[in-house]
Asks: 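Quick one: the structure is below, questions incoming.
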Number of protein chains: 2
Amino acid sequence: MATSTVEDYLKQIFLMETAEGAGPLVPMGQLAQILGVVPGTATSMIKTLAEAGLVKYEPRTGVCLSPKGRKLALHVLRRHRMVELFLVKVLGMDWSEIHDEAERLEHAISDRVMERIDELLGRPTLDPHGDPIPDAEGKMGRRELVPLVSAEGKGWVEVARVKDQTEVFLRFVDRNGLKPGRRLQVVAVDAVAGVVTVEPEDGSPLSLGLETAGRIEVEQRTVGVVDEG
Amino acid sequence: MATSTVEDYLKQIFLMETAEGAGPLVPMGQLAQILGVVPGTATSMIKTLAEAGLVKYEPRTGVCLSPKGRKLALHVLRRHRMVELFLVKVLGMDWSEIHDEAERLEHAISDRVMERIDELLGRPTLDPHGDPIPDAEGKMGRRELVPLVSAEGKGWVEVARVKDQTEVFLRFVDRNGLKPGRRLQVVAVDAVAGVVTVEPEDGSPLSLGLETAGRIEVEQRTVGVVDEG
DNA sequence: ATTTCCTTTTTGGCAAATCAAAATCAGGGA
DNA sequence: TCCCTGATTTTGATTTGCCAAAAAGGAAAT
């Protein structure tokens with residue numbers, strides 16, 4: 001069995017590989033930084049993983065997952081996201097406090113328990129942040145999402161995904177009615193000022209920096225216009 | 001934070017300390033055997049725990065928990081038993097398959113999650129095997145239970161506790177209607193033959209060896225006689 | 001009092017995962 | 001071309017748990 005450290009490495013490589021704007025190989029320094037270890041540690045760990053056939057390692061360039069490693073990574077990711085949804089749906093926790101919990105539980109949950117949770121939740125495909133939950137075989141549904149700025153003037157659109165798991169940000173998003181499932185209009189995008197103005201359905205209009213707006217994605221198609229009294 | 005190894009040591013010492021027929025100190029060999037390590041490993045680990053003030057160590061005699069160690073042990077035990085109940089009640093798992101699951105999960109569950117589970121389950125005081133669940137402060141209710149043999153000829157009594165977590169045994173107990181909460185009559189105890197004959201309310205009469213019967217405890221007082229058609 | 005046997009402790013070593021700091025490499029600019 | 005800089009890799013050490021096997025204790029039996 002893979003140790004929880006190994007699971008963390010694989011999961012993180014997967015996330016970095018599939019992040020937008022990522023090259024074909026994940027550089028050591030970046031990986032080390034995200035995992036909170038010094039670069040040397042990452043290098044030696046990656047060499048071990050390479051020997052185990054879980055990653056392909058290109059010295060002085062970076063790593064990528066092997067098919068075997070990807071499968072394991074998806075397995076971990078499935079547990080992580082399923083646990084997050086479980087904590088919110090079944091235990092009623094706030095979505096801002098679930099990430100760290102899931103980070104620990106993802107290594108302790110058996111396939112048997114996962115199956116029960118999956119069933120209890122009705123075979124869900126999305127976690128509370130709008131990220132896809134891989135199925136037991138590692139397959140994830142793909143959605144066509146666009147960043148907030150691309151929805152300027154398109155009328156009412158639905159928030160689909162929030163790509164930032166920090167507590168403060170998630171609380172901010174919640175307070176302002178920007179959670180996945182909520183509707184909003186992108187009123188204006190001022191590229192020069194770097195400000196995006198949105199009008200959430202339930203919540204007062206507000207301005208976001210371009211960076212911040214980039215962490216929120218919406219469904220591409222426009223949703224039915226709501227009658228504004 | 002205590003590592004999960006430390007938690008296991010403390011929990012096990014607690015269980016052995018409070019087991020019936022136990023002396024004031026738990027001998028190294030026994031501890032090592034139950035934890036699945038060689039004696040030398042236990043000795044060195046215990047010395048570490050003693051330095052941390054979690055146990056009192058009497059060389060060549062044994063260990064016992066310090067107040068600090070007992071508190072931690074009860075904390076772990078609470079998580080273990082609560083998780084077991086959770087797996088049965090919420091996820092609908094069979095009580096014969098929950099022990100090992102709980103063994104891993106007990107180290108990964110935060111106080112916050114525990115509180116949610118506790119609430120969801122309605123502040124339970126007993127786990128699926130009839131063992132008491134310590135509360136958040138480490139206090140457990142005490143019950144007056146007696147072994148099966150002491151209930152000979154007392155009419156209908158209620159099974160209260162099963163002291164064996166092995167899968168086969170738990171499945172046997174379930175199949176024969178001997179789970180906690182079920183009623184039965186102890187028809188006869190033959191000390192010479194070493195056989196206890198019981199008649200479960202739902203299940204056919206059966207004989208148990210003395211050893212086996214000792215793993216089942218019942219409420220001391222007799223329960224209302226059920227009308228046998 | 002001695003021996004024997006069983007338990008416990010000690011000693012020396014190993015594997016996983018980490019850090020600190022020195023060494024190495026690779027690419028861009030002078 | 002040569003050097004500088006920043007990223008990467010090596011090297012040597014540390015910590016935590018573990019095992020194997022030798023050494024030491026203690027209690028009961030001779």
Side-chain angles (χ1 to χ4, degrees), chain A residues 1-13 16-17 19 21-65 69 72-73 76 103-104 106-108, chain B residues 1-13 16-17 19 21-65 69 72-73 76 103-104 106-108:
Chain A
M1 258 298 270
T3 65
S4 78
T5 304
V6 168
E7 291 189 342
D8 281 338
Y9 273 79
L10 295 176
K11 184 185 69 174
Q12 210 54 59
I13 294 169
M16 296 174 84
E17 264 183 1
L25 294 179
V26 177
M28 285 303 121
Q30 232 161 288
L31 180 60
Q33 206 241 309
I34 284 208
L35 288 168
V37 296
V38 300
T41 302
T43 298
S44 79
M45 185 70 213
I46 288 300
K47 281 207 254 182
T48 311
L49 297 186
E51 271 178 31
L54 294 166
V55 301
K56 261 162 235 145
Y57 171 47
E58 207 68 59
R60 304 210 165 261
T61 314
V63 275
C64 63
L65 295 174
L72 231 166
V76 179
E103 206 63 40
R104 262 170 305 115
E106 70 188 6
H107 305 299
Chain B
M1 259 296 271
T3 66
S4 78
T5 304
V6 169
E7 291 189 341
D8 281 338
Y9 273 79
L10 295 176
K11 184 185 68 173
Q12 212 53 61
I13 294 169
M16 298 174 82
E17 263 184 1
L25 294 179
V26 177
M28 286 302 122
Q30 231 162 288
L31 181 59
Q33 205 242 310
I34 284 210
L35 288 167
V37 297
V38 300
T41 301
T43 299
S44 80
M45 185 69 213
I46 288 301
K47 282 208 253 181
T48 311
L49 297 187
E51 270 178 31
L54 294 167
V55 301
K56 260 162 236 144
Y57 171 48
E58 206 67 59
R60 303 207 167 265
T61 315
V63 276
C64 64
L65 294 174
L72 231 166
V76 179
E103 207 62 39
R104 262 170 305 112
E106 70 188 6
H107 305 299

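Quick note: numbers below take in every heavy atom, side chains included, and nothing from hydrogens, waters or symmetry partners. A, B, ... follow the sequence lines: proteins, then strands. Residue 1 opens every chain.
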Asks: Sequence neighbours left out, what passes side chain to side chain donor-acceptor pair (under 3.5 Å) with B:Glu17? Give chain and number order.
Replies: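 By the side chain to side chain donor-acceptor pair (under 3.5 Å) rule, B:Glu17 matches no residue at all.
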Asks: Sequence neighbours left out, what passes side-chain contact (heavy atoms from CB on, under 4.5 Å) with B:Ser44? Give chain and number order.
Replies: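 In terms of side-chain contact (heavy atoms from CB on, under 4.5 Å), with neighbours along the sequence ignored, B:Ser44 is linked to no residue.
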Asks: Looking at residues at least two apart in the chain, or sitting in another chain, which of them share a side chain to side chain donor-acceptor pair (under 3.5 Å) with B:Gln12?
Replies: none
Asks: Quick one: list whatever passes side-chain contact (heavy atoms from CB on, under 4.5 Å) with B:Thr41, sequence neighbours left out.
Replies: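 For B:Thr41 the side-chain contact (heavy atoms from CB on, under 4.5 Å) partners, ignoring immediate neighbours, are B:Tyr9, B:Val37, B:Val38.
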Asks: Partners of B:Arg104 by side chain to side chain donor-acceptor pair (under 3.5 Å), sequence neighbours excluded?
Replies: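 Only B:Glu101 meet the side chain to side chain donor-acceptor pair (under 3.5 Å) criterion with B:Arg104.
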Asks: For DNA chain C, which nucleotides open and close the run of contacts to chain B, 5' to 3', at under 4.0 angstrom from a non-hydrogen atom?
Replies: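 First and last nucleotides in contact are C:dT8 to C:dT10.
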Asks: List the protein contact pattern of nucleotides 8-17 of chain D with one symbol per nucleotide (5' to 3'): B for base contact, S for sugar-phosphate-only contact, - for none; contact means a heavy-atom distance under 4.0 Å.
Replies: BBB------S
Asks: Take A:Val6 and A:His107, measure what side-chain contact (heavy atoms from CB on, under 4.5 Å) needs, and give me the verdict at the end.
Replies: CA-CA 10 Å; A:Val6 168; A:His107 305 299; over 6 Å; no
Asks: Any non-hydrogen side-chain atom of B:Val55 less than 4.5 Å from a side-chain atom of B:Ile13?
Replies: yes
Asks: Which angle, to the nearest 10 degrees, lies between the helix axes at the two ends of the helix from C:dA1-D:dT30 to C:dA30-D:dT1, each defined by five pairs?
Replies: 30°
Asks: Could you work out, with side-chain contact (heavy atoms from CB on, under 4.5 Å) as the rule, every residue matching B:Gln30, not counting sequence neighbours?
Replies: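 Partners of B:Gln30 under the side-chain contact (heavy atoms from CB on, under 4.5 Å) test: B:Met16, B:Pro27.
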Asks: In chain order, what residues pass the side-chain contact (heavy atoms from CB on, under 4.5 Å) check against B:Thr61, with sequence neighbours excluded?
Replies: B:Leu25, B:Glu58
Asks: Are any of the side-chain heavy atoms of B:Val76 and B:Leu10 separated by less than 4.5 Å?
Replies: no
